[in-house]
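Before I ask anything, here is the structure I am working with.
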Amino acid sequence: MRFVAAALCFAETVLCATYSLSDSIVGSGFLSNFNFEAIADPTHGRVNYVDSATAASENLTFASSNTFILRADHTTVLSSSGPGRNSVRIKSNKVYTEHVAIFNVRHMPQGCGTWPAIWETDGANWPNGGEIDIVEGINDQGPNTITLHTSPGCTMPASRDQTGTSLQLDCNTAVNGDAGCGVQAPTALSYGPTFNNNGGGWFAVERATTYIKVWFWARNDTSVPTDVENGASSVDSSNWGTPTAYFPNTNCDIASHFDANNIVINLTFCGDWAGSVYASSGCPSTCVDYVNNNPSAFVNAYFDFASLLVYT
C-alpha cells in the first residue's frame, strides 16, 4: 500500500510520506510487545529497575482495555545504603528503521528528581546505532526536549524548518557532555505538570532515509491531524505541518548513524542529568535525599498511555 501511494505521489510530483499501520499497541499490548529491562541504570540514577513480575506485584504496571500505566514506587522510604526507588524500563521486542510512531499519552511522570523518557535506540550498538529522544525532561522543567545522540560526523544546520528552538548542533556523544543535538519544544504544554493538567497529547516521530522529524500536539490543539487523532490505518506525515523538531541529512547521513532501533520507555531519578542540575531546579533538599525520603512526592510519577501506533 505504501509503495502504491509513493508511486502516486511521484506521478503527481507531490511530496508525501504515507505509512501503513504495522503495530497497534494498546492496554495489555504493551506487556506483550515490550520486555522489562531490570538492569543497572546507564545514566546512574537513584533507581532500581524491576522485572515484569515485580512490576505487576507492586502495581508499577497496570493494563486495561484502553490504558497502560508505567510508574515508580510511591510508598517506600529508601535506605541511603540500599538500592534506588523501584521503577520500570521497557524495550520494544521489535526494531524499526524507516517508520512513524505515534504516542498518545494522557499523563507523564512528574515530580522533583524525576527523569522520564520515551526514546529509540540500539542499546547494543550505542552510540553508533543512534538515539532519538522523543520525550525527555527533568525535575518538572519543561518544555519537552527532543534530541539525537550519535557517533561523530553528524551535525545539524543552525537554521531549519521547525517550530522548536535548536540547542547544541553537534549530535556527537563525545562532545558537549553528551548533550546531543537538541531542540526545545515551543510550548510548555509539551512536558510535565502543564502537559498533565491539559490532558496530555500526541507525540509523533518520523524516521525517513533523509531526515528525522518529531511533532507534538496538545490534547485540545485544533490542528492535530485527523489521522493522528483517530489512529487511522495509514498516515501521511506531509499533511502534519511544520514539525517541532527537524533533523535533516544535510551534514548527517541518517543511514550510517542510525541502525534498527528499539523503542524504550523508562522513568529514572536524579542521575547524570536530573541530579546534576537539581539544585537549580527550585527543588528541595538534595536529589538523592529527596528521592529516598519522600515517596509520597511520586504519586504522580507515572506514564498513562492511551496507545502506541507504529507505521511502516
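Counting begins at 1 with the first residue of the sequence.
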Fill in: disulfide bond (SG atoms under 2.5 Å apart) contacts touching residues 210-259 (sequence neighbours left out)
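Pairs touching residues 210-259 that pass the test: C154-C252.
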Worksheet item: Charged N to carboxylate O below 4.0 Å: is that the case for E37 and K91?
Response: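 So E37 pairs with K91 through a salt bridge.
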Worksheet item: Could you give all pairs that pass the disulfide bond (SG atoms under 2.5 Å apart) test and reach residues 30-131, with sequence neighbours left out?
Response: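 Every pair satisfying disulfide bond (SG atoms under 2.5 Å apart) with a residue in residues 30-131: C112-C283.
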Worksheet entry | From N172, D170, T173, residue fulfilling side-chain contact (heavy atoms from CB on, under 4.5 Å) relative to P152 |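 Checked N172, D170, T173 against P152; only one passes side-chain contact (heavy atoms from CB on, under 4.5 Å): N172.
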Fill in: F68 and F303 aromatic centres sub-6.0 Å
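No, too far apart.
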Item to complete: Could you identify which residues cluster with F62, counting Ile, Leu, Val, Met, Phe, Trp and Tyr as linked when any side-chain heavy atoms lie under 4.5 Å apart, either directly or through a chain of such contacts?
Response: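 I69, Y302, listed by chain and number.
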Discussion item. For F305 and F30, take the angle between the two ring planes, folded into 0 to 90°, and tell me which bin it lands in: parallel under 30, tilted 30 to 60, perpendicular over 60.
Written reply: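 Rings of F305 and F30: tilted, 30 to 60°.
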Discussion item. Tell me every residue that passes salt bridge (charged side-chain N to carboxylate O under 4.0 Å, His left out) with R207, counting only those two or more places apart in sequence or in another chain.
Written reply: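 Expected list: none.
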Item to complete: If the plane angle is over 60° it's perpendicular, under 30° parallel, otherwise tilted; pick one for F298 and Y290.
Response: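 Plane angle over 60°, so perpendicular.
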Worksheet item: Among all residues two or more places apart in sequence or in another chain, which pass the ring pair (Phe, Tyr, Trp, His ring centres under 6.0 Å) test with F258?
Response: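 F258 satisfies ring pair (Phe, Tyr, Trp, His ring centres under 6.0 Å) with no residue once adjacent residues are dropped.
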Worksheet item: With D140, which residues qualify under salt bridge (charged side-chain N to carboxylate O under 4.0 Å, His left out), at least two apart?
Response: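 Residues passing salt bridge (charged side-chain N to carboxylate O under 4.0 Å, His left out) with D140: none at all.
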Item to complete: Have a look at F36 and tell me which of T54, I90, L60 forms a side-chain contact (heavy atoms from CB on, under 4.5 Å) with it.
Response: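 It is I90; the other options fail the test.
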Worksheet item: Angle class for the F195/F216 ring planes (parallel below 30°, perpendicular above 60°, tilted otherwise)?
Response: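 Ring orientation, 0 to 90° scale: tilted.
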Worksheet item: What closest approach, in Å, do R46 and G82 show between heavy atoms, and which atom pair accounts for it?
Response: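 Here R46 and G82 meet closest at NH1-O, 2.8 Å.
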Worksheet entry | Listed partners of R85 passing salt bridge (charged side-chain N to carboxylate O under 4.0 Å, His left out), at least two apart |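 R85 satisfies salt bridge (charged side-chain N to carboxylate O under 4.0 Å, His left out) with D73 once adjacent residues are dropped.
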Worksheet item: Taking the hydrophobic residues Ile, Leu, Val, Met, Phe, Trp and Tyr, and joining any pair whose side-chain heavy atoms are under 4.5 Å apart, which ones share a cluster with W119?
Response: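 Grouped by the 4.5 Å side-chain rule, V264 form the rest of the cluster around W119.
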Item to complete: List, by chain and number, the other hydrophobic cluster members for V277, where Ile, Leu, Val, Met, Phe, Trp and Tyr join if side-chain heavy atoms come within less than 4.5 Å, directly or indirectly.
Response: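 W115, I138, W273, all in the cluster of V277.
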Item to complete: List for me each residue that meets side-chain hydrogen bond (donor to acceptor under 3.5 Å, both in side chains) alongside W202, sequence neighbours excluded, and say none if there are none.
Response: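 With neighbours one apart ignored, the set is empty.
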Item to complete: Just jot down the salt bridge (charged side-chain N to carboxylate O under 4.0 Å, His left out) partners of R106, sequence neighbours excluded, or say none.
Response: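 Scan of R106 (salt bridge (charged side-chain N to carboxylate O under 4.0 Å, His left out), adjacent residues dropped) gives D304.
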Worksheet item: Residues two or more places apart in sequence or in another chain: which of them pass ring pair (Phe, Tyr, Trp, His ring centres under 6.0 Å) with F247?
Response: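 Testing F247 for ring pair (Phe, Tyr, Trp, His ring centres under 6.0 Å), a comparison that skips the adjacent residues, returns none.
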Item to complete: Among V228, I102, T244, T222, find the one that has a side-chain contact (heavy atoms from CB on, under 4.5 Å) with W217.
Response: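 Exactly one option meets the side-chain contact (heavy atoms from CB on, under 4.5 Å) with W217, and it is V228.
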